[in-house]
Engineer: 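Have a look at this one.
When reading the values below, keep in mind they use all heavy atoms of this one structure, side chains included, and skip hydrogens, waters and symmetry mates. A note on names: the letters A, B, ... follow the listed sequences, proteins ahead of strands, and every chain is numbered from 1.
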Amino acid sequence: MAMTNLDTVRQAIELARAAGADEAEAYLARSRVLTVEVGSGQVETIKQAEDLGLSVRALVDGRVGLSYATDFDAASLRRAAQRAVEVARASDRDACAGFAEPETGAPAADGFDPEMDRHSADEKIERAFAVERAAKEYDARIVLTRRVSYRERVVTEALANTRGIAVEQCNNLCGGSAMVLARQGAEQQVGGGMDTKRRYAEFDACAIGRDAAERAVTMLGATDVATQRASIVLEPRMAAAFLGIIANLVRADQVLKGKSLFAGKLGQAVAGAGITLIDDGAYVGAPGARAFDDEGVPSRRTVVVADGVLQNYLHTTHTARQARAASTSNAARASFKAPPDVAVSNFALQAGPVAPADLRANVAHGLWVRNLMNLHTANPISGEFSFGANGMWIENGKLTRPVRGVTISGNLTDLLLNVRGIGNDLEWQGAMGLSIGAPSLLIEQVSIAGK
Amino acid sequence: MTLDPNVLVAALNAGRAYWGDWAEIFAERRVDTLVVLDDGKLDKLSAGEEAGLGVRVFVGKTAAYVYTSDFSRQAIVEALRLAHVAANQRVGQTGAFVAALDRGVAMRPLAHYRIMPDGVPLADKVAVVRAADRVARGAGAAIRQVTATYTDSIQDVTIINSLEEVAQDRRVRTMFNLTVVASENDVIQTAFESTGGLAGFEQVADGVSERLARAAAERALRMLRAQPAPAGVMPVVCAAVAGGVLVHEAMGHGMEADFNLPSKPMSVFAGKIGQPVASANVTIVDDGTIPGLNGTLGCDDEGTPAQRRVLIENGILKNYLHDRTTAREMGVAPNGSGRRQTFRHLPMPRMSNTLMLPSQDDPAAIIHSVARGLLVKQMGGGQVNIVSGEFVFKVQEAFLIENGQVTEPVRGATLIGNGPAVLKIIDRVGNDAGPTRIGMCGKYEQGAPVAHGIPTVRVPEIVVGGIVAGMSETMR
Ligand SMILES: [Zn+2]
């Protein structure tokens, strides 16, 4: 009889014990992907696959080691188990090392949508064509499209450990993307659109194409601005990108290592009044939803910041033991080859009361930010940042002209404390197991460098 | 599981009915080791093996790709069948696949490594990061955090196709990097150093990691005393030691042929072969053959031998970086730039080792020529918009130049500009060649190890984004 996924992970932990592990954990991921890319009304590439990976973590004498395999026959599993034990022996002893304990109570639901599999590949190719058509029909100045795609992914994960956890879940996502180019005379501008949904029925191909086209066309004729201090309004997508940096500051591992400017700030105001940040892997409305995290801990809701005050950090089993706290179900593996690390699941800045246009209406001069570059270079400890930005200039509450080639810089702490308005337009951006939601944000006193 | 070309050829032949216009198998096996020391303790330690193969079938201009970790003949034939079905869903124009390397040539793997990392005990790899941690922490009381990472990988690839071409390559890579954080009186500074290449354990052994740790720690301490960088437009001198991030980001990506196809001219360099695109003193090459460098390959991931490509010669645009697909569309030979992150990815044109070549200016004279500007000694990360040419780079280490003299260190500088515009106004190019620096280049979610380097270069006018402290008035 064929082995189930749970049989395989159970076998792997037994092999690790046989190889000398005191405790063991095995994680298996089996994914099915379909990606269609189209251009000029033709299919350019179709990619489909079933991908496998399994990793074993062994705990030997208080030390942890990890190894992995892409073949699940007994010999490969045994080699991975033995290697995990060898690696553990070379590692440092860690009093907080160990695997998650099983929890009682009803497990959270996984986010599998059977609808996605009921539709043919032909139809999905057609959705990719629809993205491209929508972009081209938006404006005569759209001359090219690139990387116009439909993509979907179904991932089955199984996890077992010697503490008694043995769980399995299946999640799927679909989405699309487009890069389009607008040309006017010698000038060209690019715009990008992308969306990811848990439910096939919610995926709107035309909206992706139109969004990409609108962004490219609007940037035509962009110039820079004078260096100054002014307000910025981040559109939801950019607010989410910015929140991605904040997501790293609330990771308990970073805090414990002194690598976050939020270290030691529990109970203190770290953001403007009205800002509430919540992580909730059990929220099935967003792409990061899951039944359990990558250590098998059931998903839950954690209030990270309430009305500007820092309430909680996000934990794995390991950081929770270090901090004498409980896991918040935020263990995530970058791939089956990587050990679990702290990461957000569905992390959102809760929407406010203000329509986005009203946020801009209060700005005398400032920048409506629609693209940021170099976000990865913000310093998480000092909070210093300097990002490339473009968007539209706001003068007396009105959008006036496109702006490009400026940098916005300052300190993350000041930026968070200077949030003066929160939009009612929350949007989710994300991928499987990790998504970020944010509304538009009005931030005052930001330094903008141009000419 | 096997990378034996004969076995793969037999499977490809068994699936002959599904070749379409052209079919290819890319098979890969890799063994990786990762050691991360963080906060004084080993934080991540792993070693493992993965293997898989990707089957690509072309029908007309449509490429279908199916990958699997199952190396059995049935699985390979099934992958070919699935790819063939997929490629036929919508068929573009048909046309024979002509751009090809020499038939039946098997590449010999480059033997640049001296010490195979798989023979080195894990304890010795751990010792590399521990030594770096010790040295960095010993550099001063203000050193707060050290993160040191060691990785090695042995990647074996076999590429066969329906043109009866067979290529094999072995890429042994060893890499070390560290990030040091120093803080004093509420000022926090981070410094980074790295080394890596197509090389064995010797790349990081014999005190290399200690030397880099000392350099990073000393820089972090030095930058603690730095003033915030000025903002505005000013001349910038990039020292040869700064590395070629500027060349890689602001110029190199725009030379990748998939951005320059006549049917899809995205890049500002599209259609400009033979035309002046840079100052006459600018020559840029991308060279995948330099022994031991991080971007070096025996052959690319489509089996084309690695080559030296002149991209810009004395200011004239000469070549793009091609994979087979772009080469076919543009009617040229592929030039060894088809790279993929793993067997799970389709190849695309990528850089290897991208270098701006030295010209005739004296580096000291270049600095003396600046009345007030910035000297960049080390770059941080960067990003580029291919279509508009806009780039942003973070600067790790910079100094003010005042009246031709290098004076104060400054922190937090960002360079923002337009790649093609900068290429045209570069007015001094030094006669010195700097050391290459390494990077992990990202493009469409695929990473590729690369290297880059420059001589001392002066850009007479570039926007520096610093921190505009305490200003409420508009200034120019
Ligand atoms: Zn790159």
Engineer: Look only at the side chain of A:D92 and the backbone of B:K41, and say whether a donor-acceptor pair between them is shorter than 3.5 Å.
Structural biologist: no
Engineer: Tell me, for A:M179 versus chain B, whether the close heavy atoms (under 4.5 Å) come from the side chain, the backbone, both or neither.
Structural biologist: side chain
Engineer: Could you check whether B:E50 pairs with A:K337 (Lys NZ or Arg NE/NH1/NH2 to Asp/Glu carboxylate O, under 4.0 Å)?
Structural biologist: yes
Engineer: Does any heavy atom of chain B fall under 4.5 Å from the side chain of A:S76, the backbone, both, or neither of them?
Structural biologist: neither
Engineer: Could you state the interatomic distance from NZ (B:K394) to CZ (A:F387), rounded to the nearest 0.5 Å?
Structural biologist: 8.0 Å
Engineer: Which bit of B:P265 comes within less than 4.5 Å of chain A, counting heavy atoms only: side chain, backbone, both or neither?
Structural biologist: both
Engineer: Is A:A80 in contact with chain B via its backbone, its side chain, both, or neither, using a 4.5 Å heavy-atom distance?
Structural biologist: neither
Engineer: To the nearest 0.5 Å, what is the distance between CZ on B:R30 and OG1 on A:T70?
Structural biologist: 12.0 Å
Engineer: If every non-hydrogen atom of B:G48 is compared with every non-hydrogen atom of A:S67, which pair is closest and at what distance?
Structural biologist: CA-OG, 3.7 Å
Engineer: Show your reasoning for whether side-chain contact (heavy atoms from CB on, under 4.5 Å) applies to B:Y67 and A:K47.
Structural biologist: CA-CA 8 Å; B:Y67 62 86; A:K47 186 160 124 176; 3.9 Å; yes
Engineer: So if I apply the side-chain contact (heavy atoms from CB on, under 4.5 Å) rule between A:S386 and each of B:V464, B:V395, B:T414, which one comes out positive?
Structural biologist: B:T414
Engineer: By a 4.5 Å heavy-atom criterion (distance strictly below it), what part of B:V66 contacts chain A: side chain, backbone, both, or neither?
Structural biologist: both
Engineer: Just do the salt bridge (Lys or Arg N to Asp or Glu O under 4.0 Å) check on A:R404 and B:E390 with the steps written out, would you?
Structural biologist: CA-CA 9 Å; A:R404 68 179 173 112; B:E390 275 172 70; 3.6 Å; yes
Engineer: Among A:V64, A:V38, A:V143, A:L181, which residue has the highest count of heavy-atom pairs closer than 4.5 Å to chain B?
Structural biologist: A:L181
Engineer: Would you check if B:K264 and A:T145 make a side-chain contact, meaning some heavy-atom pair closer than 4.5 Å?
Structural biologist: yes
Engineer: Counting only non-hydrogen atoms closer than 4.5 Å, does B:S263 touch chain A with its backbone (N, CA, C, O), its side chain (CB onward), both, or neither?
Structural biologist: backbone
Engineer: Do B:M266 and A:Q188 touch side chain to side chain, with heavy atoms closer than 4.5 Å?
Structural biologist: no
Engineer: Can you tell me which portion of B:D32 sits under 4.5 Å from chain A's heavy atoms? Options are side chain, backbone, both or neither.
Structural biologist: both
Engineer: Would you say the side-chain atoms of B:S69 and A:D71 include a donor-acceptor pair closer than 3.5 Å?
Structural biologist: no
Engineer: Given that the side chain runs from C-beta out, which part of A:V33 has a heavy atom under 4.5 Å from chain B: side chain, backbone, both or neither?
Structural biologist: side chain
Engineer: Measuring heavy-atom distances to chain A, does B:S267 have an atom under 4.5 Å in its side chain, in its backbone, in both, or in neither?
Structural biologist: backbone
Engineer: Determine the option with the most heavy-atom pairs under 4.5 angstrom with chain B, choosing from A:L52, A:T377, A:T45.
Structural biologist: A:T377
Engineer: Please classify the contact of B:V31 with chain A as side chain, backbone, both or neither, using a heavy-atom distance under 4.5 Å.
Structural biologist: side chain
Engineer: Tell me, for B:I416 versus chain A, whether the close heavy atoms (under 4.5 Å) come from the side chain, the backbone, both or neither.
Structural biologist: side chain
Engineer: Is B:F259 close to A:R146 at the side-chain level, that is, under 4.5 Å between some pair of heavy atoms?
Structural biologist: yes
Engineer: Can you tell which part of A:R57 gets under 4.5 Å to a heavy atom of chain B, answering side chain, backbone, both or neither?
Structural biologist: neither
Engineer: B:V35, B:D39, B:L45: which one forms the most heavy-atom pairs within less than 4.5 Å of chain A?
Structural biologist: B:L45
Engineer: Quick check for you: to the nearest 0.5 Å, what is the distance between B:T190 atom OG1 and A:N379 atom CG?
Structural biologist: 4.0 Å
Engineer: Counting only heavy atoms closer than 4.5 Å, note whether A:R83 contacts chain B via side chain, backbone, both or neither.
Structural biologist: side chain
Engineer: For residues B:K44 and A:D341, determine if any side-chain heavy atom of one lies less than 4.5 Å from a side-chain heavy atom of the other.
Structural biologist: yes
Engineer: Taking C-beta and beyond as the side chain, do B:L122 and A:V87 meet within less than 4.5 Å on heavy atoms?
Structural biologist: yes
Engineer: Taking side chain as C-beta onward, heavy atoms only, is A:I381 less than 4.5 Å from B:S183?
Structural biologist: no
Engineer: Rounded at 0.5 Å granularity, tell me how far CD1 in A:I46 sits from CG in B:N88.
Structural biologist: 9.5 Å
Engineer: With a 4.5 angstrom heavy-atom cut-off, which part of A:D253 approaches chain B: side chain, backbone, both or neither?
Structural biologist: neither
Engineer: Against chain B, label A:R63 side chain, backbone, both or neither, depending on which of its atoms sit under 4.5 Å from a heavy atom there.
Structural biologist: neither
Engineer: Would you call B:D38 and A:K259 a salt bridge, taking side-chain N to carboxylate O under 4.0 Å as the test?
Structural biologist: yes
Engineer: At a 4.5 Å cut-off on heavy atoms, which part of A:L256 comes close to chain B: side chain, backbone, both, or neither?
Structural biologist: backbone
Engineer: Heavy-atom cut-off 4.5 Å, strictly under: side chain, backbone, both or neither for A:E50 against chain B?
Structural biologist: backbone
Engineer: Charged N to carboxylate O below 4.0 Å: is that the case for B:E445 and A:R147?
Structural biologist: no
Engineer: Measuring heavy-atom distances to chain A, does B:Q145 have an atom under 4.5 Å in its side chain, in its backbone, in both, or in neither?
Structural biologist: side chain
Engineer: Under 4.5 Å heavy-atom distance to chain A, tell me which part of B:R344 shows up: side chain, backbone, both or neither.
Structural biologist: both
Engineer: Which value, rounded to the nearest 0.5 Å, describes the distance between A:L261 atom CG and B:I188 atom CD1?
Structural biologist: 8.0 Å
Engineer: Using non-hydrogen atoms only, which part of B:D43 is less than 4.5 Å away from chain A: side chain, backbone, both, or neither?
Structural biologist: side chain
